[in-house]
Engineer: 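This is the structure I have questions about; it appears just below.
In what follows, every chain begins at residue 1, and chains take the letters A, B, ... in the order their sequences are listed. Heavy-atom basis, side chains included; hydrogens, waters and symmetry copies ignored.
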Number of protein chains: 2
Amino acid sequence: MATTRSGPNLNRIATALGVSVATVSNALSNKGRVSAELVERIRTTAAALGYVPSQAGRALRTGRSGVLGLVLPDIANPLFPQIAQAIEYAASVAGYGVLIADSRGDIGMQTEAISRLVERGVDGMVIVPRRGTRIADAGCPVAVIDTSSTPGNTVSADHWQGGAEIARHLRDLGHRKILLIGASSASNVQNDRIGGIKSALDATVKTEVLWIEKIEERGGPGCLLGLADKVQQGFTAFAAVSDLHALRALTELQRAGVSVPDSASVTGFDDLIWAPVVSPALTTIRMDMATIAEIAITALVNAIEKGGPGEALADEPPPGSRLVTAERSRVPMQLVVRQSSGPPRPAKTNLSAENS
Amino acid sequence: MATTRSGPNLNRIATALGVSVATVSNALSNKGRVSAELVERIRTTAAALGYVPSQAGRALRTGRSGVLGLVLPDIANPLFPQIAQAIEYAASVAGYGVLIADSRGDIGMQTEAISRLVERGVDGMVIVPRRGTRIADAGCPVAVIDTSSTPGNTVSADHWQGGAEIARHLRDLGHRKILLIGASSASNVQNDRIGGIKSALDATVKTEVLWIEKIEERGGPGCLLGLADKVQQGFTAFAAVSDLHALRALTELQRAGVSVPDSASVTGFDDLIWAPVVSPALTTIRMDMATIAEIAITALVNAIEKGGPGEALADEPPPGSRLVTAERSRVPMQLVVRQSSGPPRPAKTNLSAENS
DNA sequence: ACGCGTTGATTAATCGTTTAATCAACGCGT
DNA sequence: ACGCGTTGATTAAACGATTAATCAACGCGT
């Protein structure tokens, strides 16, 4: 079934019309000089025969497969659907297919996954690295979506600005003691988000960072984070750097009898699928994945087709992998206010429900 | 960069050794008759030159692209990471790459997405339909992963049995009034799960089905489901047909001051990523996606390579799309007991924490 | 009438692999 | 010594598209 087997090819169209294959090829691709009338006839019979060009033949001749690779070292990441959908859409608009590769969390398999893609002849690849793993040269243009502070990053959400948005939101609500919840201090993305939060707050607001990884070293995976104690210590807001951790915080607080948002506010990041359906619906920050994907794909396609803008990192332009760059490398994140955030301990009002 | 451009090809290896390309090809693929010694020499120089076979050349000659398509009409489905990961892994083990296609929820785009894949020359495709949409013929072998009650289904989790497992778990805990929570009565999967639950319960256990879609028609998306009232009515367990709905139920109950699992049990389906981290950790049912994917891919690859077992639906074997079949079509689901389920209203004990 | 540029189409080579057909030795039985 | 099967390697023809080079008319100015 590969690539139009048994289906009509250029030859069949050519003989059907009594012309040469070259003419047919030219007519269908607007290349050489073919009379308008003949183009018309070729087009119609091609359509009538249900002609579909063979990617294999074209790839062999042109050296382009029309396929991009998408490498997700951590496919279990709940952001994956958003990313895959956006990348697939942007790629298909640009006329490319998307081949997925997964290293199943294992860093060593990332290299293998990449080489699998290369063997399949991808023209370029989009890599969403986890925790700043180094990208070995792939021998083709590569776009990296991570965060601005990662060297070689092509484009990403402006996690720093996103953090600042959340911080201002909580500060304006009146919170003065905020607990920041992250998973791993090794993640560039999480560090940027936390950095952004802190940067937007002056000395009147106290913050403290809680790393889940640290706590789970003792308590085991899924253990309680001790947030009820934090409430006792005066924290009125809990800003997690991912909706996953926000969810954990939310349920832990509720279970401990802390009412949200009345007694404590909880915010997340990424607007994952469950953010609107939990109760109270989660205030969070959404990344514009569609725009990010479009920028990444555009940069990648430029590098592929023109050898155009972007081959950064100063070394060898033609060989090795070329990390592509884009003019816009930070896409703003958007605050989504729902019910999980509100002013700290106001007697009993039932507040803030803009979005959702 | 497509397909080993500029890289060494068979010809280069052949001239380097002073043999013919055919011999090299035969040596590398164990086909024709080549002396063991020569095979050895060819292998080593091929490796030394970093030879990677050109998929394009091979595809053109053999009519096989070595690529499968994965069609997800509802990519926003949180199950997607599990599915994509399992399919990608099974496919790569079988020597195939996976091209993703997404119809962004729109049913009309499903056909377009499929034809995009066909144009790219996929050898076959795996389709995970949403709500029993019909699959137009794709012109290549197709494996369908949905549920047993869907006509043409190739393989899937045994949702019915999964439902029965959950039902027995709750019954054995002592629950006698269980609320079943589903999203849409149009979903075959959800109906099978609910059917399975009911089938395992005798008349001593009362059940009632709550369809979220119906409630949201009035209350709007994300509205409260009125579960606190249900508790008043004597329901002690809430069995959702997806972790997403279980999560919604859990947070709604907790927010209403109903303690879980002391005053009410909540269970889900699918063991999505947040199931272990919410508090209390969610009791749920896990599907063995790895096995399902392996069965689907095996059946698909059989159909592709041998024209082997499976071309169902009685009509034309060679043309049209061929829905493949597998010997095993139902893969059992596995109960994962965590903290969100327990016996109904036992005075004050702090119970059941097997798994997690 | 001759040369020349333009238009419109064809010829043929090429991409890299697979594979059927062919061919050259060589050993061996008769 | 001749024929014959076997082994080990080569030749050459595909697969389907792209594209540079070529070629046949034709119109037109001088």
Engineer: For a quick test of reading the model: is some side-chain N or O of B:Thr23 closer than 4.0 Å to OP1 or OP2 of D:dT10?
Structural biologist: yes
Engineer: Round to the nearest Å and state the distance from A:Arg64 atom CZ to D:dT19 atom C1'.
Structural biologist: 15 Å
Engineer: A:Arg12 CZ to D:dG16 P: how many Å, rounded?
Structural biologist: 8 Å
Engineer: Side chain of A:Ala22, heavy atoms from C-beta onward: which of C:dT10, C:dT18, D:dA17 has the nearest atom to it?
Structural biologist: C:dT10
Engineer: Can you tell me how far apart OG (A:Ser20) and CG (A:Asn26) are? Round to the nearest 0.5 Å.
Structural biologist: 8.0 Å
Engineer: Please determine, for D:dA25, whether a Watson-Crick or G-U wobble partner exists with both distances under 3.5 Å, and give it or none.
Structural biologist: C:dT6
Engineer: Which listed nucleotide (C:dG16, D:dA17, C:dT10) is nearest to the side chain of B:Leu60?
Structural biologist: C:dG16
Engineer: Is it true that A:Thr150 and A:Asn153 share a donor-acceptor pair across their side chains at a distance under 3.5 Å?
Structural biologist: no
Engineer: If you assign A:Arg33 and A:Arg61 each to the DNA chain C nucleotide with the nearest heavy atom, which residue ends up on the more 5' nucleotide?
Structural biologist: A:Arg33
Engineer: Which nucleotide, in any strand shown, forms a Watson-Crick or G-U wobble pair with D:dA17, with both distances under 3.5 Å?
Structural biologist: C:dT14
Engineer: Who is the Watson-Crick or G-U wobble partner of D:dT30, with both distances under 3.5 Å?
Structural biologist: C:dA1
Engineer: Is there a side-chain polar atom (N or O) of B:Lys31 under 4.0 Å from OP1 or OP2 of C:dT18?
Structural biologist: no
Engineer: Give the nucleotide from the list C:dT19, C:dT18, C:dT10 with an atom nearest to the side chain of A:Val19.
Structural biologist: C:dT10
Engineer: Between D:dA9 and B:Ser35, is there an OP1 or OP2 to side-chain N/O distance shorter than 4.0 Å?
Structural biologist: yes
Engineer: Distance check needed: D:dG8 C1' versus B:Asn30 CG, whole Å only.
Structural biologist: 15 Å
Engineer: Touch check for A:Ser25, heavy atoms < 4.0 angstrom, all strands: base, sugar-phosphate only, or nothing?
Structural biologist: base
Engineer: What integer distance in Å separates A:Leu10:CG from D:dA14:C1'?
Structural biologist: 16 Å
Engineer: Is it the case that the side chain of A:Ser25 and the backbone of A:Val21 share a donor-acceptor pair, with hydrogens and angles ignored and the cut-off at 3.5 Å?
Structural biologist: no
Engineer: Does A:Tyr89 have more than 12 heavy atoms from other residues, nucleotides or ligands lying within 6.0 Å of its OH?
Structural biologist: no
Engineer: Could you check how far CG of B:Asn9 sits from C1' of C:dC15, rounded to whole Å?
Structural biologist: 9 Å
Engineer: Rounded to the Å, how far apart are B:Asn26 CG and D:dT11 C1'?
Structural biologist: 13 Å
Engineer: Base, sugar-phosphate, or nothing for A:Ser20, non-hydrogen atoms under 4.0 angstrom?
Structural biologist: base
Engineer: Tell me: CG of B:Asn11 to C1' of C:dC15, nearest whole Å?
Structural biologist: 11 Å
Engineer: Just verifying a value: how many Å separate B:Ile83 CD1 and B:Leu70 CG, rounded to the nearest 0.5 Å?
Structural biologist: 7.5 Å
Engineer: Without swapping roles, check the side chain of B:Asp123 against the backbone of B:Leu68 for a donor-acceptor pair under 3.5 Å.
Structural biologist: no
Engineer: Nearest of C:dG16, D:dA17, C:dT17 to any side-chain atom of A:Arg58?
Structural biologist: D:dA17
Engineer: Between A:Leu28 (CG) and D:dG16 (P), how many Å, whole number?
Structural biologist: 16 Å
